[in-house]
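Shown next, in structure tokens, is the structure this report addresses.
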Amino acid sequence: MKLQLSTWPQIEAYLKRSQGIVLPMGSTEQHGPTGLIGTDAITSESIAWAMPSHCDVLIGPTLSLGPAAFNLDFPGTMCLRPSTWMALVMDCIQSLAHQGFRAFYFLNGHGGNLAPTLSAIQEVQWMRSLAHPAAPPLFFNVRSWWDFPTVNAMRQSWYGAGEGMHATPSEISITRFTHPDHCPVDALPAAPALNADFLRAHAGDQHADAKHHRALFPDGRVGSHSALSHSAHGQALLEAAALAASQEYQGLLKELAA
Ligand code: NI
């Protein structure tokens with residue numbers, strides 16, 4: 001069930017049987033010479049849209065613009081500042097909580113969304129703790145689709161170090177599966193490998209400013225061997241992530257019911 005393809009009476013009826021919602025989160029940013037600019041939104045929403053085959057769930061609109069300042073020197077990238085993103089997430093939560101939604105599952109497709117999303121959730125918890133202590137509790141989970149153990153095992157076995165950090169073969173595989181007519185042929189060589197210190201220091205897309213980042217990673221890929229991507233991998237990754245997300249989402253609903 002998709003929020004944007006529903007009517008308000010349908011949502012009112014849904015709220016009588018469930019107070020949970022899934023919100024896919026992405027970004028609109030370059031993904032190397034052969035990756036689609038919408039990759040992060042396409043991946044998270046296509047996984048979310050597969051969840052209703054596993055459970056009764058409402059999928060909200062994809063939050064498809066995120067913080068990605070490091071990519072601004074690549075044409076087509078559109079970036080929200082982290083404070084704008086936090087305001088967006090808080091306003092989405094407050095709007096839905098006002099109507100009775102109480103369990104929020106954020107399915108993430110962009111590392112740079114993680115830190116400000118968690119901070120936005122804590123802002124909401126701060127407000128509810130101090131200003132609205134009688135309000136019913138809200139429950140949250142934020143999950144990046146590549147972190148599910150089943151998905152991660154596929155990424156490791158198919159790509160190893162070639163998975164890298166940005167324009168990863170796993171995310172491009174999913175877009176090859178969902179949008180085969182839009183994805184260019186990729187015969188690129190492997191991007192230079194990243195060392196463990198770099199991976200640790202820049203996890204969650206904690207990258208340099210736009211000019212510095214493009215100088216360091218001139219074709220836009222960050223350690224990723226995008227040519228390893230394959231449509232069949234994308235289908236398997238999507239299906240594994242949708243199943244794992246559905247199971248985790250149902251666990252979140254159990255917290256609500258406890
Ligand atoms: Ni991405």
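If you read the sequence from its start, that first residue is 1, and numbering goes on from there. Indexing begins at 1, ligand by ligand and atom by atom, following the structure's order.
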* More than 12 foreign heavy atoms under 6.0 Å from NE2 of His54: is that the case here? -> yes
* Asked: Would you call Asp219 and Arg221 a salt bridge, using N to O less than 4.0 angstrom?
  -> yes
* Asked: Hey, would you say the Phe198 and Phe217 ring centroids sit under 6.0 Å apart?
  -> yes
* To do: For the Ni ion (ligand 1), find the closest N/O/S atom belonging to Glu171 and write down its atom name.
  => OE1
* To do: Using the ring of Phe106 (Phe, Tyr or Trp, six-membered ring only), decide whether Arg143 places NZ or CZ under 6.0 Å from its centre and within 45 degrees of its axis.
  => no
* In Asp40, which N, O or S atom comes closest to the Ni ion (ligand 1)? -> OD1
* Asked: Of the backbone and side-chain N, O or S atoms of His31, does one lie nearer to the Ni ion (ligand 1) than 2.8 Å?
  -> yes
